[in-house]
Amino acid sequence: MKNRKWNEFQKLTGKCYRYLAGAGEGGECWHKAYEVLKEIIADGRSSQPDYAAELYELDEDTGYVYDVEGWLEDYLDEIEMKEEYERILEVCDELLAMFRWEEDNASDIKFMKASALGSMGREADEAEFCRKWLRDEPDNIFAATASIYADIAVQDMEAAGRIISEYIPEGTPCTEENDIIFTAASSYYRKTGNKKEEKRMEKALDEYDKYLREFLTGGGDDEELEFMWDDEDLPFN
């Protein structure tokens with residue numbers, strides 16, 4: 001039964017990518033593949049409660065034949081591109097409940113959920129979700145960034161400003177690890193009319209962007225690059 005459903009999942013995901021390439025018709029294959037994947041997980045857990053407790057275990061257990069993680073990322077991108085916010089919220093909630101997320105990182109899914117809530121006009125729910133997320137994961141830059149956007153949406157500028165002050169103390173450089181919060185801070189200062197701080201954030205982002213361009217084109221100082229990133233953390237690896 002499991003092999004049959006994996007085969008069905010593989011056929012459907014093949015249709016998904018043919019659809020993206022313009023060689024297939026109808027995007028319902030994405031939703032059908034997702035439903036089959038849920039069935040596979042439910043079947044596995046009916047006899048083995050800890051089956052695929054972490055998302056990566058689905059690929060690990062199947063020899064990386066189906067690229068489940070990669071396909072799920074593409075599925076979320078697809079429904080986000082189509083602005084199917086109700087479905088985004090449903091899928092994000094299901095994925096967050098479906099796996100433990102102790103070894104895998106669910107930040108992208110939580111960020112997408114927060115964004116969907118805001119796009120649906122549920123700003124208060126977005127703010128509540130983000131505040132809890134930040135309380136649970138105070139070191140998570142994605143949670144801090146989402147909270148800034150959510151606080152701006154509910155016009156709690158004081159709360160957004162506190163987060164910015166905590167996560168971007170004066171003198172903090174913009175890097176690969178925190179560029180998203182600099183972008184959120186720039187939006188905050190634009191909203192509050194603080195042009196001086198907005199320019200400071202934009203300058204930091206421009207400097208980081210210039211640094212990346214130099215890195216990608218072979219410019220810059222090798223020793224400085226080595227300091228910024230370990231070999232395993234180099235961007236676009």
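As the structure is a computational prediction, the values presented were derived from the model and not from experiment.
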Is there a side-chain contact (heavy atoms from CB on, under 4.5 Å) between Glu123 and Leu117? Walk through the geometry before answering.
CA-CA 6 Å; Glu123 290 89 353; Leu117 285 168; over 6 Å; no
Look at atom [atom1] of [X] and say whether more than 12 heavy atoms of other residues, nucleotides or ligands are closer to it than 6.0 Å.
| X | atom1 | result |
| --- | --- | --- |
| Lys132 | NZ | no |
| Lys82 | NZ | yes |
| Glu54 | CD | yes |
| Glu128 | CD | no |

For [Y], does its backbone N or O pair with a side-chain atom of [X] as donor and acceptor, under 3.5 Å?
| X | Y | value |
| --- | --- | --- |
| Asn7 | Asn3 | yes |
| Asp59 | Glu69 | yes |
| Ser115 | Phe111 | no |
| Arg122 | Ala116 | no |
| Asn178 | Thr175 | yes |
| Asp104 | Tyr56 | yes |
| Glu57 | Ala53 | yes |

With salt bridge (charged side-chain N to carboxylate O under 4.0 Å, His left out) as the criterion, how do Glu35 and Lys38 come out once you've worked through the C-alpha distance, each side chain's angles and the decisive distance to 0.1 Å?
CA-CA 5 Å; Glu35 292 302 319; Lys38 288 197 297 182; 3.4 Å; yes
Residue pairs meeting ring pair (Phe, Tyr, Trp, His ring centres under 6.0 Å), one or both in residues 73-102, sequence neighbours left out, come to His31-Tyr75, Tyr34-Tyr75, Trp71-Tyr75, Phe99-Trp101
Can you tell me which residue pairs pass the side chain to side chain donor-acceptor pair (under 3.5 Å) test with a partner in residues 186-196, sequence neighbours excluded?
Ser186-Arg190, Ser186-Glu202, Arg190-Glu198
What pair of heavy atoms forms the shortest contact from [X] to [Y], and how long is it?
| X | Y | answer |
| --- | --- | --- |
| Ile163 | Ala144 | CG2-O, 3.8 Å |
| Ala114 | Cys130 | CB-SG, 3.6 Å |
| Phe182 | Thr172 | CZ-O, 3.4 Å |
| Ala185 | Ile168 | CB-CD1, 3.9 Å |
| Ala127 | Ala150 | CA-CB, 3.7 Å |
| Ile152 | Ala160 | CG1-CB, 4.3 Å |

How many angstroms lie between atom [atom1] of [X] and atom [atom2] of [Y], to the nearest 0.5 angstrom?
| X | Y | atom1 | atom2 | answer |
| --- | --- | --- | --- | --- |
| Met201 | Cys174 | CE | SG | 9.0 Å |
| Leu55 | Ile41 | CG | CD1 | 7.5 Å |
| Met81 | Ile88 | CE | CD1 | 11.0 Å |
| Asp136 | Lys110 | CG | NZ | 7.0 Å |
| Ile141 | Tyr167 | CD1 | OH | 7.0 Å |
| Ile79 | Glu86 | CD1 | CD | 11.5 Å |

Run the salt bridge (charged side-chain N to carboxylate O under 4.0 Å, His left out) test on Glu197 and Arg200 for me, step by step, so that the C-alpha distance in whole Å, both residues' side-chain angles and the decisive distance to 0.1 Å come before the verdict.
CA-CA 5 Å; Glu197 288 302 302; Arg200 186 167 71 87; 2.7 Å; yes
Same cluster or not: are [X] and [Y] linked, directly or through other Ile, Leu, Val, Met, Phe, Trp or Tyr residues, by side-chain heavy atoms under 4.5 angstrom apart?
| X | Y | value |
| --- | --- | --- |
| Tyr17 | Tyr64 | no |
| Leu89 | Ile109 | yes |
| Met120 | Val154 | no |

Test side chain to side chain donor-acceptor pair (under 3.5 Å) on Trp133 and Glu137 and set out the steps.
CA-CA 6 Å; Trp133 180 16; Glu137 302 180 47; 3.2 Å; yes
Check the angle between the aromatic planes of Phe9 and Tyr66 and answer parallel, tilted or perpendicular using the 30° and 60° thresholds.
perpendicular
Salt bridge (charged side-chain N to carboxylate O under 4.0 Å, His left out) between Asp209 and Arg213: does it pass, once the steps are laid out?
CA-CA 6 Å; Asp209 185 56; Arg213 287 199 306 272; 2.3 Å; yes
Less than 4.5 Å apart, side chain to side chain, heavy atoms only: is that true for Leu95 and Leu76?
yes
Taking C-beta and beyond as the side chain, do Met112 and Val91 meet within less than 4.5 Å on heavy atoms?
no
Kindly state each residue pair satisfying salt bridge (charged side-chain N to carboxylate O under 4.0 Å, His left out) with at least one member in residues 151-172, sequence neighbours excluded.
Arg131-Asp151, Arg131-Asp156, Glu158-Arg162
Yes or no on side-chain contact (heavy atoms from CB on, under 4.5 Å) for Asn140 and Ser107, after CA distance, side-chain angles and deciding distance?
CA-CA 8 Å; Asn140 191 320; Ser107 291; 2.8 Å; yes
Establish, from distance only, whether the side-chain atoms of Tyr51 and Asp61 form a donor-acceptor pair under 3.5 Å.
no
Dump the intermediate steps for side-chain contact (heavy atoms from CB on, under 4.5 Å) on Lys32 and Lys11, then the final yes or no.
CA-CA 11 Å; Lys32 290 178 181 177; Lys11 288 177 183 177; over 6 Å; no
side-chain contact (heavy atoms from CB on, under 4.5 Å) between Glu214 and Lys210: does it pass, once the steps are laid out?
CA-CA 6 Å; Glu214 289 178 349; Lys210 179 183 176 184; 3.4 Å; yes
